[in-house]
Amino acid sequence: MLNLAFADQQLNTALRLMQGQIVGLRSGVLPPWSVSLIAQGVHPVTIAEAQQVGGSLQGALAFLLDRGYLGRAQLDGVAQERALSALLPLAWQTSMTSSALWADAPSELPLNSTSTQQIIETAERHAALLTREERALKPSSRFSANPLSVSTMVGNEDKERVYHAAMRGLSLGEMSQRLPQRWDTLTQTVSRLLREGALRPQNAAAPREVADALKAGQAAPDFCLPDLAGGELRLSALRGQPVWLVFNRQSTCAMCNPHHAKIIAMHEQLRARGVQIVSVWGSPLEDLSSGIGRQRPPYPVLADPNDETYDRYGLRMSLKGTLDPRNLSTMIQGFRMMGASALKDDGELLRMPAEFLIGADGVIETAHYNSYGSDWLPIERVLSWADHQTVPDRH
């Protein structure tokens with residue numbers, strides 16, 4: 001067993017050797033075999049059955065071969081691609097090496113001497129094509145996704161997968177374990193998204209430029225944000241149905257949570273009219289469950305802790321609006337709902353909320369910017385607007 005240790009520990013690799021040939025490997029950048037098999041078109045239920053019947057990796061693969069779910073040439077190709085994926089990011093790295101008699105470890109399919117040599121040569125050839133910036137990317141690298149750059153991903157599955165993985169907070173190493181992209185393809189995809197501004201290094205500050213307030217008749221700017229319930233929501237994906245878009249403050253806000261209690265209560269009425277409610281919060285995704293998540297809203301609850309969609313929609317700060325005495329009754333109700341957590345500052349305490357009533361064509365019909373914290377649209381006005389919307393055909 002040849003052990004290769006690196007400064008970035010996720011690159012650590014163990015190679016199982018026999019007569020100079022690789023017969024097994026273990027790597028922190030490799031996905032589970034199940035991910036590789038799913039990428040080859042094997043159904044997850046079939047993989048689960050193979051694992052149960054086979055009892056081991058070799059047994060599961062033998063099951064898939066015997067039942068005809070995989071051909072031998074296809075399986076050999078997967079094994080070689082996995083070996084290439086493990087070796088590629090090591091080509092330009094400096095490591096500490098050690099060796100020992102092999103211990104029990106997850107093993108790959110044995111590779112013959114010809115394929116092993118080809119894999120090493122192929123890894124070096126592909127590594128030589130990477131730029132200095134792409135080689136500098138590490139498994140520990142993390143990125144922030146720009147929620148306003150959704151158009152750059154349309155039609156490109158590799159870019160979409162990486163963009164959404166970054167939005168979920170995955171590191172580059174975690175992406176390599178979960179996405180069906182080889183390391184060189186993955187780093188090239190990340191590099192393109194960085195150049196296009198769709199991604200940026202996680203520690204890099206987002207440029208702040210607050211747009212002018214939006215008005216009725218303008219198209220609602222598109223965005224993509226992570227949803228508390230899992231996955232992401234792209235505003236343009238809701239085209240064809242009217243949308244009530246609500247921008248809030250932080251997740252435990254004493255002025256926003258009482259408003260959403262009212263929205264939750266009228267959700268069924270709006271759903272029957274074909275209206276989709278979307279709620280955006282200036283808090284990290286992990287903080288939403290302890291705030292608005294406690295009310296279990298039956299509609300998307302999105303996180304934008306960097307305030308990028310807030311800036312694009314022209315929301316402003318206001319000390320006067322925050323301290324306005326008309327907020328008092330709502331805040332008392334909010335403190336009863338949230339308790340001491342209502343004082344938690346995981347967002348902009350001076351932020352003034354806003355609401356947008358958007359038609360099925362994606363055009364803003366009402367743009368309401370709160371003049372003080374609890375200056376929400378009257379519920380009756382929202383219901384009146386909903387009554388004049390065309391309900392989508394549900395058949």
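Computed from heavy atoms alone, side chains included, the values below leave out hydrogens, waters and symmetry copies. Remember, it's a predicted structure, so these values are computed and weren't measured experimentally. We count residues from 1, following the sequence as given.
The number of heavy-atom neighbours closer than 6.0 Å to CD of Glu286, taken from other residues, nucleotides and ligands shown, is above 12. For Arg312, the CZ atom is loosely surrounded, since the number of other residues' heavy atoms within 6.0 Å does not exceed 12. Summarising the local packing, CD of Gln52 is surrounded by 12 or fewer heavy atoms from other residues, nucleotides or ligands at distances under 6.0 Å.
Note on Ile379 and Ile264: same hydrophobic cluster, where clusters join Ile, Leu, Val, Met, Phe, Trp and Tyr whose side-chain heavy atoms are under 4.5 Å apart, directly or indirectly. Linking Ile, Leu, Val, Met, Phe, Trp and Tyr residues whenever their side-chain heavy atoms come within less than 4.5 Å leaves Val210 and Met352 in two separate clusters. Neither Met337 nor Ile292 shares a network with the other; the hydrophobic side chains, linked directly or stepwise wherever heavy atoms of I, L, V, M, F, W or Y lie under 4.5 Å apart, form separate groups for each.
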Report task. May I have the step-by-step check of side-chain hydrogen bond (donor to acceptor under 3.5 Å, both in side chains) for Ser191 and Arg195, ending in yes or no? Result -> CA-CA 6 Å; Ser191 181; Arg195 289 196 301 270; 2.9 Å; yes

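For the side chain to side chain contact (heavy atoms under 4.5 Å, CB included) test, residues two or more places apart in sequence or in another chain that qualify with Arg161 are Glu157, Asp158, Leu179, Pro180, Gln181.
Just one of Val278, Leu235, Leu288, Leu285 meets the side chain to side chain contact (heavy atoms under 4.5 Å, CB included) condition when paired with Leu302; it is Val278.
A cation-pi geometry, defined here as NZ or CZ lying under 6.0 Å from the six-membered ring centre and within 45° of its normal, does not hold between Arg249 and Trp281.
Note that the SG atom of Cys224 and the CG atom of Leu148 stand 10.5 Å from one another [nearest 0.5 Å]. Taken from CD1 in Ile263 to CG in Leu377, the straight-line distance is 9.5 Å, to the nearest 0.5 Å.
Pairing each heavy atom of Ala367 with each of Leu214, the nearest pair is CB-O, 3.4 Å. A pairwise comparison of heavy atoms in Ala386 and Leu270 identifies CB-CD2, 3.7 Å as the closest pair.
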Under 3.5 Å, which donor-acceptor pairs link side chains of residues 254-262 to any protein atom two or more places apart or in another chain?
unit_1 : atom_1 : unit_2 : atom_2 : d
Asn257 : OD1    : Gln295 : NE2    : 3.1
Asn257 : ND2    : Ser251 : O      : 3.2
Asn257 : ND2    : Cys253 : O      : 2.9
His259 : NE2    : Glu355 : OE2    : 3.1
His260 : ND1    : Tyr299 : OH     : 2.7
His260 : NE2    : Asn248 : OD1    : 2.8
His260 : NE2    : Asn248 : ND2    : 3.3
His260 : NE2    : Ser279 : OG     : 3.3

Can you give each donor-acceptor pair under 3.5 Å made by side-chain atoms of residues 125-133, sequence neighbours left out, with the distance rounded to 0.1 Å?
unit_1 : atom_1 : unit_2 : atom_2 : d
Thr131 : OG1    : Glu134 : N      : 3.2
Thr131 : OG1    : Glu134 : OE1    : 3.4

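Judged by distance alone, the side chain of Ser171 and the main-chain N or O of Pro139 form a donor-acceptor pair under 3.5 Å. Side-chain N or O atoms of Gln218 include one that pairs as donor or acceptor with a backbone N or O of Lys215 at under 3.5 Å. Counting only distance, with no hydrogens or angles, the side chain of Gln389 and the backbone of Pro242 share no donor-acceptor pair below 3.5 Å. Counting only distance, with no hydrogens or angles, the side chain of Arg178 and the backbone of Pro31 share no donor-acceptor pair below 3.5 Å. A donor-acceptor pair under 3.5 Å is formed between the side chain of His388 and the backbone N or O of Ser384.
For Thr13 and Arg26, the side-chain atoms include no donor-acceptor pair closer than 3.5 Å.
Note: Tyr310 and Phe223 fail the aromatic proximity criterion, with ring centroids not under 6.0 Å apart.
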